Participant: 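Quick one: the structure is below, questions incoming.
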Amino acid sequence: METAQFAYAKSLLKRHFGYDNFRPQQWEVISHVMAGNDALVLMPTGGGKSLCYQIPGIMGMEQGRGCTLVVSPLLALMFDQVRALPDEINARVLNSECSEADNRATMELMLQGKVSLLYISPEKLVAEIDNWSSRIKVNLIAIDEAHCISQWGHDFRPEYTQLSVLKRYYPHVPIMALTATADRLTRRDIVKQLCIQNAGMFIASFDRPNIHLSVERCKTGADKLKRIVSFIADEHPRDSGIVYCMRRRDAEEMAKTLQSYGIDAGAFHAGIPAGEKHQIQRDFVNDDLRVVCATIAFGMGIDKSNVRFVIHYNMPKSIENYYQEIGRAGRDGAPADALMLYSYSDVKALTSFAESSGQAGVNMDKLRRMQEYAEGYTCRRQTLINYFNEPFDHECGNCDVCDGTVAQERIDGTLLAQKAMSAIARTEQKADASMVVKILTGSRQADVIAAGYDRLPTYGKGNEAGYWEWRDYLLQMLHQGLIEVSYENSNHLHITAMGWDVLRGKRGVCLSKHQERSSVAKKPSARASREKPQPSASPLPSPQEDVDQELFDRLRDMRKAIAKASGVPPYVVFHDTTLREMAAKKPVTKEAFAQLSGVGESKCEKYWRSFVSVVQQHQASH
Ligand code: ADP
Ligand code: ZN
């Protein structure tokens, strides 16, 4: 039974979306709700949440089990999502921006069981549910951006709290709550408020392997500008991207500078009138504006999958912020770049913000972790993913540390790490980093003696390294996920499961030899070497190797022309990943075109002639 369902679901995936396989967790989620269970789904932005309810929606309609309701808080995004779906699957929108006539037509179709997916605002759903529950068959209720239901989440929406009525009206219909950001507290709140305490938890990896991560230190703002101009001009001469700036003034100046170098750029910040802001967003989504220089407000609620780079002109104030902002790059899974520039004046400015904020302690801790990330020489991805408490034990091969841009000397650090962790264990995990180092180096300071730590067997056993050297190694161990800082307990160090494995001799540790900060030199960009596909545990497609860049550009022009003519954003026609595959495989027949990932039946019918003729013309001219 299960296998028949699976084969059927896979055929829908190919027919309507043009994909050959589910991503990790997608099928698990789908089969779980199809069996009548509730689910909480955590996946990063771009992870593929939508398919988790779209496939059950299509199956539900085809099998006469009713329609799937998709509750979403962002009105504009609902229309975008429906527009991006092939017509034959009959998705509709119901919210305050639809006309009466549209609403009536939708209702009529719903009653006939002809709607697969109904995107609906929470207000509308709560208003209609009493009237509907006896008349309309529902197969599944999906709650997108589910963190909005919780006051603990960062984007609380009061109208979401009324969704607790769903289970009352539709007790037997599974609920699927989806979000990209929810810590443990928020997760608990979501299942409680939706009355789905027994929901299965599906947590996908937060890794985004296609985003190349790099950090560069600059002395002055002028150095940063120069670097950004050359980065965009040399490495992304035609791509869309975002430059995040801390201040409005910087965003405006950046846009002007880029324009003066012939780069099509605009500024976006809270001081710009609403109408103009909408226009900027629209232009960006439609590939009519290439680079947006923005303060953090930009990016929320836009669903553009072909952002190829995100640059930080300033260091962000926390790793959470940084991760959310770089997450806007490469949602289509094709290679993308995240470049962060930082300077000591950033650190100074952020420190004074943090200190004057209401929660100085927490904000300073977050800032410190951000700075340590910037200055670190542990694989960036390892550092990031471990920060979010997801074990990540290998080097990623797609960051500036892994590709050797950050100069460093690697050493076997197993013994050093074991010494440090045995000191941590002997204090019963009740010492902070500074104390642990004092124990290792045999310090006679009063606090060491008072705690009796001079009687520990590890006391003074770490003489091979000095104080700062040990601090550095502890930091690297933190970034590698061997130890954790317990912020709520006076910053005591704790050993993780991975750390215990090292302590017990079950795994080794590689560290970077400590070096003075000033000697951390940057080699010139190692771009060429990282264009090669990297070994990765990732479920996302690896970059295509032999993409013909000139053909890619021509295909992109065709995509833009088609998008313009049909009034949709270019990525709705095809994602960059599909165009890249096209530029590598160069299909000249309809059959070959249909094989490409991202080409479903209806898109194939609509577009194959246009794109195949571009390929043919290109072949003829070479
Ligand atoms: P999210 O809502 O989690 O941010 P989306 O649902 O928008 O992510 O999916 C991100 C991108 O990944 C989309 O372009 C989507 O078409 C693509 N995608 C999703 N599932 C698959 C799959 N199984 N195979 C290939 N691409 C996929
Ligand atoms: Zn790496």
Side-chain angles (χ1 to χ4, degrees), residues 9-10 12-14 16-27 29-30 41-55 70 72 74 77 80-81 84-86 142 144-146 178-181 202 204-215 299 301-307 324 327-334 338 373 376-386 392-406 408 479-480 510 512 526 530 534-536 538-541 569 571-579 581 596-600 603:
K10 260 180 75 159
L12 295 176
L13 183 68
K14 181 70 191 164
H16 298 297
F17 301 93
Y19 300 134
D20 292 322
N21 290 300
F22 285 110
R23 287 199 184 145
Q25 302 277 6
Q26 283 178 329
W27 172 248
V29 173
I30 294 170
V41 180
L42 262 115
M43 277 187 191
T45 307
K49 285 184 285 299
S50 325
L51 276 180
C52 295
Y53 53 80
Q54 285 165 346
I55 293 284
V70 184
S72 166
L74 300 163
L77 272 189
D80 283 353
Q81 293 213 336
L85 289 167
D144 209 1
E145 314 286 350
L178 308 105
T179 171
T181 53
F202 296 86
S205 170
F206 269 65
D207 186 16
R208 300 281 308 281
N210 59 315
I211 303 179
H212 180 269
L213 304 167
S214 61
V215 181
I302 61 165
D303 189 6
K304 179 176 167 74
S305 73
N306 63 337
V307 175
Q324 193 178 26
R328 301 194 171 121
R331 292 183 58 167
D332 52 15
Y373 169 83
Y377 21 64
T378 302
C379 164
R380 306 266 180 217
R381 200 170 313 274
Q382 214 175 352
T383 308
L384 278 183
I385 304 297
N386 279 315
F392 190 94
D393 64 358
H394 56 283
E395 295 181 343
C396 76
N398 194 26
C399 75
D400 55 351
V401 175
C402 287
D403 57 33
T405 313
V406 176
Q408 56 170 336
H479 286 166
Q480 292 190 23
C510 195
S512 292
R530 65 177 150 89
Q534 302 291 344
S536 157
S538 106
L540 297 173
Y571 67 81
V572 166
V573 177
F574 283 127
H575 284 309
D576 280 11
T577 28
T578 305
L579 285 200
E581 197 181 327
L596 302 173
S597 174
V599 179
K603 282 191 180 181

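Remember, predicted model here, so these are calculated numbers, not experimental data. We count ligands from 1, going down the list as the structure has it; atoms in each ligand are counted the same way.
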Participant: Within the side chain of Lys49, is there an N or O that forms a donor-acceptor pair under 3.5 Å with the backbone of Pro44?
Facilitator: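 Yes, Lys49 side chain to Pro44 backbone: donor-acceptor pair under 3.5 Å.
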Participant: I want to check something: taking the side chain as every heavy atom from C-beta on, are Met43 and Cys52 in contact at a cut-off of under 4.5 Å?
Facilitator: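 Yes, close enough: below the 4.5 Å cut-off.
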Participant: Considering heavy atoms of the protein only, find what lies nearest to atom 10 (C) of ligand 1 and give residue, atom and distance to 0.1 Å.
Facilitator: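 Answer, as residue, atom name and distance: Gly46 O, 3.5 Å.
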Participant: Quick test of your reading of the structure: of Leu51, Asp20, Val41, whose heavy atom lies closest to atom 19 (C) of ligand 1?
Facilitator: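 Heavy atom nearest to atom 19 (C) of ligand 1 belongs to Leu51.
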Participant: Out of all atoms in ligand 1, which are within 4.0 Å of some heavy atom of Pro44? Include the element for each.
Facilitator: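 Numbered from 1, ligand 1 contributes 3 (O).
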Participant: Closer than 3.5 angstrom, by distance alone: can the side chain of Arg208 be matched with the main-chain N or O of Gly330 as a donor-acceptor pair?
Facilitator: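 It does hold such a pair.
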Participant: With nothing but distance in play, are any N or O atoms of Asp332 less than 3.5 Å from an N or O of ligand 1?
Facilitator: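 No; every N/O pair is 3.5 Å or more apart.
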Participant: Answer yes or no: is there a donor N or O on one side and an acceptor on the other, between the side chain of Arg23 and the main chain of Gly47, under 3.5 Å?
Facilitator: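 Such a contact is found between Arg23 side chain and Gly47 backbone.
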Participant: Determine whether any heavy atom of Gly47 lies closer than 4.0 Å to an atom of ligand 1.
Facilitator: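 Yes.
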Participant: Does any N or O of ligand 1 fall below 3.5 Å from an N or O anywhere on Met43, backbone included?
Facilitator: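 Not met; the criterion fails.
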Participant: Using a 4.5 Å cut-off on heavy atoms from C-beta on, say whether the side chain of Tyr53 contacts that of Val29.
Facilitator: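 Contact flag for Val29/Tyr53 side chains = no.
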Participant: Side chain or backbone of Tyr19 under 4.0 Å from ligand 1, or both, or neither, by non-hydrogen atoms?
Facilitator: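 It is the side chain that gets close, since no backbone atom is under 4.0 Å.
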Participant: Do Gln382 and Glu395 come within less than 4.5 Å of each other through their side chains, counting heavy atoms only?
Facilitator: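 Yes, close enough: below the 4.5 Å cut-off.
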Participant: Indicate yes or no: does an N/O atom of Ser597 lie under 3.5 Å from an N/O atom of ligand 1?
Facilitator: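 The answer is no, given that Ser597 and ligand 1 share no N or O pair closer than 3.5 Å.
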Participant: With respect to His575, determine whether any N or O atom, backbone or side chain, lies less than 3.5 Å from an N or O atom of ligand 1.
Facilitator: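 Yes, since at least one N or O of His575 sits under 3.5 Å from an N or O of ligand 1.
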Participant: Got Thr383 and Phe392 here, is their nearest side-chain heavy-atom distance under 4.5 Å?
Facilitator: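 Side chain of Thr383 against side chain of Phe392, heavy atoms only: no contact under 4.5 Å found.
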Participant: Could you identify the single nearest non-hydrogen protein atom to atom 9 (O) of ligand 1 and state the distance to 0.1 Å?
Facilitator: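 Heavy-atom neighbour on the protein nearest atom 9 (O) of ligand 1: Gly48 CA, 3.5 Å.
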Participant: Any side-chain heavy-atom pair from Leu42 and Thr179 closer than 4.5 angstrom?
Facilitator: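 A side-chain contact exists here, since the closest heavy-atom pair is under 4.5 Å.
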Participant: Closest non-hydrogen protein atom to atom 23 (N) of ligand 1, residue and atom name please, with distance?
Facilitator: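 Ranking protein heavy atoms by distance from atom 23 (N) of ligand 1, first comes Asn21 O, 2.8 Å.
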Participant: Find all atoms of ligand 1 within a distance of less than 4.0 Å from any non-hydrogen atom belonging to Phe22, and give their numbers and elements.
Facilitator: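 That gives atoms 23 (N) of ligand 1.
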Participant: Counting only heavy atoms, tell me which of Gln26, Arg23, Gln54 gets closest to atom 12 (O) of ligand 1.
Facilitator: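 It is Arg23 that holds the nearest heavy atom.
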Participant: If we only count heavy atoms from C-beta on, is the Thr45 to Arg331 side-chain gap below 4.5 Å?
Facilitator: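 Yes, their side chains come closer than 4.5 Å.
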Participant: Whether Asp400 and Arg380 form a salt bridge (side-chain N of Lys/Arg under 4.0 Å from carboxylate O of Asp/Glu) is what I want to check.
Facilitator: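 Judged by the 4.0 Å cut-off on N to carboxylate O distance, Arg380 and Asp400 do form a salt bridge.
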Participant: Do Thr45 and ligand 1 have an N or O pair less than 3.5 Å apart?
Facilitator: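 N/O-N/O distance below 3.5 Å does not exist for this pair.
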Participant: Rounding to 10°, state the angle centred on the Zn ion (ligand 2) that links SG in Cys379 with SG in Cys399.
Facilitator: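 Reported to 10°, the angle equals 120°.
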Participant: Which residue and atom name correspond to the protein heavy atom nearest atom 11 (C) of ligand 1, and how close is it?
Facilitator: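 That would be Arg331 O, 3.5 Å.
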Participant: Side-chain contact, heavy-atom cut-off 4.5 Å: Val573 with Lys603?
Facilitator: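 They are not in side-chain contact.
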Participant: For atom 6 (O) of ligand 1, what is the nearest protein heavy atom, given as residue, atom name and distance?
Facilitator: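 Checked against all protein heavy atoms, atom 6 (O) of ligand 1 sits closest to Ser50 OG, 2.6 Å.
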Participant: Just to confirm my numbers, could you give the angle made at the Zn ion (ligand 2) by SG of Cys396 and SG of Cys402, rounded to 10°?
Facilitator: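 My answer is 120°, to the nearest 10°.
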